[in-house]
Amino acid sequence: MKYKVNLKKTEEGYSVWVPGLPGCWSQGKTEKEALENIKDALQAYLETVEELTKDNESRYVEIANA
């Protein structure tokens with residue numbers, strides 16, 4: 001699965017976040033490191049959401065790519 005991420009160069013390196021997932025962000029000294037780090041943050045975010053909602057009744061919907 002692919003997720004859109006935003007990058008911003010800072011004095012310390014790069015900040016990176018997932019606009020569609022509030023609070024899912026990371027950073028790195030280089031762009032490459034930041035992009036690798038956001039993968040870990042994204043995985044942890046999704047695992048946490050799954051755990052917090054595991055007892056909820058859920059459905060899945062499919063949408064066409066924009």
Side-chain angles (χ1 to χ4, degrees):
M1 184 172 264
K2 292 182 181 180
Y3 285 90
K4 178 180 179 180
V5 299
N6 290 348
L7 281 164
K8 180 178 181 179
K9 185 159 177 46
T10 67
E11 291 180 12
E12 294 83 26
Y14 288 85
S15 294
V16 59
W17 64 96
V18 184
L21 301 175
C24 187
W25 65 274
S26 192
Q27 59 190 20
K29 290 184 179 184
T30 65
E31 182 177 332
K32 182 179 178 179
E33 182 181 20
L35 291 173
E36 285 300 316
N37 290 343
I38 196 63
K39 292 177 187 179
D40 293 334
L42 185 51
Q43 184 69 35
Y45 186 102
L46 295 175
E47 288 172 359
T48 300
V49 167
E50 185 65 30
E51 180 64 26
L52 292 173
T53 61
K54 68 181 178 184
D55 295 328
N56 295 354
E57 188 172 328
S58 301
R59 303 286 186 274
Y60 291 91
V61 298
E62 187 172 332
I63 62 168
N65 286 342

> Are Tyr3 and Ile63 grouped together when hydrophobic residues (ILVMFWY) are joined by side-chain heavy atoms under 4.5 angstrom apart?
Replying inline: no
In short, Tyr14 meets Lys29 closest at the heavy-atom pair CD1-O, 4.0 Å
| message | Do Trp25 and Val5 make a side-chain contact, defined as non-hydrogen atoms from C-beta onward lying under 4.5 Å apart? | response | no
Separation between CG (Leu21) and NZ (Lys4), nearest 0.5 Å, reads 12.5 Å
- Query: When clusters are formed by joining ILVMFWY residues with side-chain heavy atoms under 4.5 Å apart, either directly or through shared neighbours, do Leu7 and Val18 land in the same one?
  - Reply: yes
- Message: With a 4.0 Å cut-off on N to O distance, would you call Glu57 and Arg59 a salt bridge?
- Response: yes
- Query: With the 4.5 Å side-chain cut-off for hydrophobic clustering, are Leu52 and Tyr60 part of the same group?
  - Reply: no
- Verify, without hydrogens or angle tests, whether Thr53 (side chain) and Asn56 (backbone) share a donor-acceptor contact under 3.5 angstrom. no
Exercise. Give a yes or no on whether Val49 and Leu42 share a hydrophobic cluster (residues Ile, Leu, Val, Met, Phe, Trp, Tyr; joining criterion: side-chain heavy atoms under 4.5 Å apart).
Key: yes
Smallest heavy-atom separation, Ile38 atom then Ser26 atom, equals CD1-N, 3.8 Å
Donor-acceptor under 3.5 Å (Glu36 side chain, Lys32 main chain): no
What one should report as the nearest heavy-atom pair of Ser15 and Thr10 is OG-CG2, 3.6 Å
- Does Pro22 reach the side chain of Trp17, with side-chain heavy atoms less than 4.5 Å apart? no
